[in-house]
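Worksheet for the structure shown next.
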2 protein chains.
Amino acid sequence: MGKRGSYAKSEARRDSILRTALEVIDTEGYAAASVTRIAEAAGLSKTGVLHHFETKEKLLTEVLRLRDELDESGFADPTASLGDLEAAYLKVVERNARIPGMVELFTRLSVEATDPDHPAHDFFLRREADIGRRIAETVERHLDERHRGAVEPDAVALLLLAATDGLQMRWLLDPEIDMTAALATLFRIFDAVLDGPPQD
Amino acid sequence: MGKRGSYAKSEARRDSILRTALEVIDTEGYAAASVTRIAEAAGLSKTGVLHHFETKEKLLTEVLRLRDELDESGFADPTASLGDLEAAYLKVVERNARIPGMVELFTRLSVEATDPDHPAHDFFLRREADIGRRIAETVERHLDERHRGAVEPDAVALLLLAATDGLQMRWLLDPEIDMTAALATLFRIFDAVLDGPPQD
DNA sequence: GTCTATACCGGGATAGAC
DNA sequence: GTCTATCCCGGTATAGAC
């Protein structure tokens, strides 16, 4: 040992780079998601940044991971109600609607990561599974309080996530789209079905 | 004048190239969506293909436009019922679930075309508006028969389109996903709400 | 282990030669 | 109008300073 200091420094550097990248992309848009620009903003050279993350793709994957961590505060709660979930979810989407750069980064990486060989492939697979499971659990619990069997929680979770991604893509194409309103409508529809009379 | 024959020939060539491209992508996947491969399959040189379409992006945009034409037979009918729409819609998605190459092309272009300067930007803007309007009209008509005011048709159309795009993206990431089942569930939920008691 | 300098590669834009 | 030369830029690989 005696290397402890180095590890700590490296960790701090990585974190500092990621937070800088996050901010730069938020304020300057997706165009700022270049290694050069991020390095410049973080106060070191391009090579310096790459020393910590190896490739651009890995760096950006970590940026997304950090963003998720910061966003997650809301719907990580396993005891949340459906209303809590909706509120937390809409809050995140509403915030996203002000940072096209980050949404674009997320969407582009989502598509790239479709390739099983892409460094972010596993990240997205896990991410979708994790968030989906948490949503499904909340829906499941909601059903306990009323009546079961009407709708499969997994299907609701999948639809909610897919609709969100699709809306973000569409919003990038046409910023006039009101993502929050559309998702609020979807929640309202879910509510109507989940709270409706039990299926026979 | 005197060039009439050329125009006709050029039109025929364009069409033949597009149909070849469609088939090649369907059978060989997204990797086959290269100008070289398409040219080869269509029996002319790369330059020959580009002579008719200028850039790869414009060529691929036209491929998507042709695919839409071929798919549209189903839900172009302005007198269709909600059930008809659902059947036609699910048929298209079900077919897509067998041709990852075309879905990948569509998804990738969707994201690229997000840029207002992209040659396919207007195409996608118009496409989404057109299909959305048609869906909304069908929903609207469905509401006439029962009760209005419960849900805005435009919101339903937007959600359906967004969910479809999101599901396709997710399916590319994880082919285990059953897109058709998920969309069938969404239709079922829409039905439940639209057929429910009028809102007060 | 952290970081810089430099050079390389590929794509896209630009400009000038023909 | 085309073809080529050149340059810039972003990402990557290597050598070496500290």
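What you see below is based on every heavy atom in this structure, not just the backbone, and it leaves out hydrogens, waters and symmetry mates. Just so you know, these numbers come straight off a predicted model, no measurement behind them.
Within the structure, every pair that satisfies the salt bridge (charged side-chain N to carboxylate O under 4.0 Å, His left out) test and touches residues 27-37 of chain A, not counting sequence neighbours, is listed here: A:E28-A:R37, A:R37-A:E40.
Checking the phosphate oxygens (OP1, OP2) of C:dC3, a side-chain nitrogen or oxygen of A:R13 falls inside 4.0 Å. Applying the 4.0 Å criterion to OP1 and OP2 of C:dC3, one finds that A:H52 has a side-chain N or O inside that range. An OP1 or OP2 oxygen of C:dT2 is reached within less than 4.0 angstrom by a side-chain nitrogen or oxygen of A:H51.
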*Produce a footprint string for nucleotides 8-18 of chain D: one letter per nucleotide, 5' end first; B if the base is under 4.0 Å from any protein heavy atom, S if only the sugar-phosphate is, - if neither.*
---BBBB----

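Checked for salt-bridge contact, A:D130 and A:R127 miss the test: no charged N lies under 4.0 Å from a carboxylate O. Ion pair A:R108/A:E112 not flagged as a salt bridge, since none of the NZ, NE, NH1 or NH2 atoms sits closer than 4.0 Å to an Asp/Glu carboxylate oxygen.
You'll find the side chain of A:V103 stays beyond 4.5 Å of the side chain of A:M169, heavy atoms only.
Considering A:L105, A:I38, A:L109 in turn, A:L105 is the only one that fulfils the side-chain contact (heavy atoms from CB on, under 4.5 Å) rule with A:V63.
Residues from residues 104-119 of chain A placing a heavy atom under 4.0 Å of any atom in DNA chain C do not occur.
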*Quick one: do B:D68 and B:F123 satisfy side-chain contact (heavy atoms from CB on, under 4.5 Å)? Show the steps, please.*
CA-CA 11 Å; B:D68 271 359; B:F123 164 73; 3.8 Å; yes

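Within the 3.5 Å criterion, the main-chain N or O of B:A12 finds no donor-acceptor partner in the side chain of B:S16. Side-chain N or O atoms of A:R141 include one that pairs as donor or acceptor with a backbone N or O of A:A80 at under 3.5 Å.
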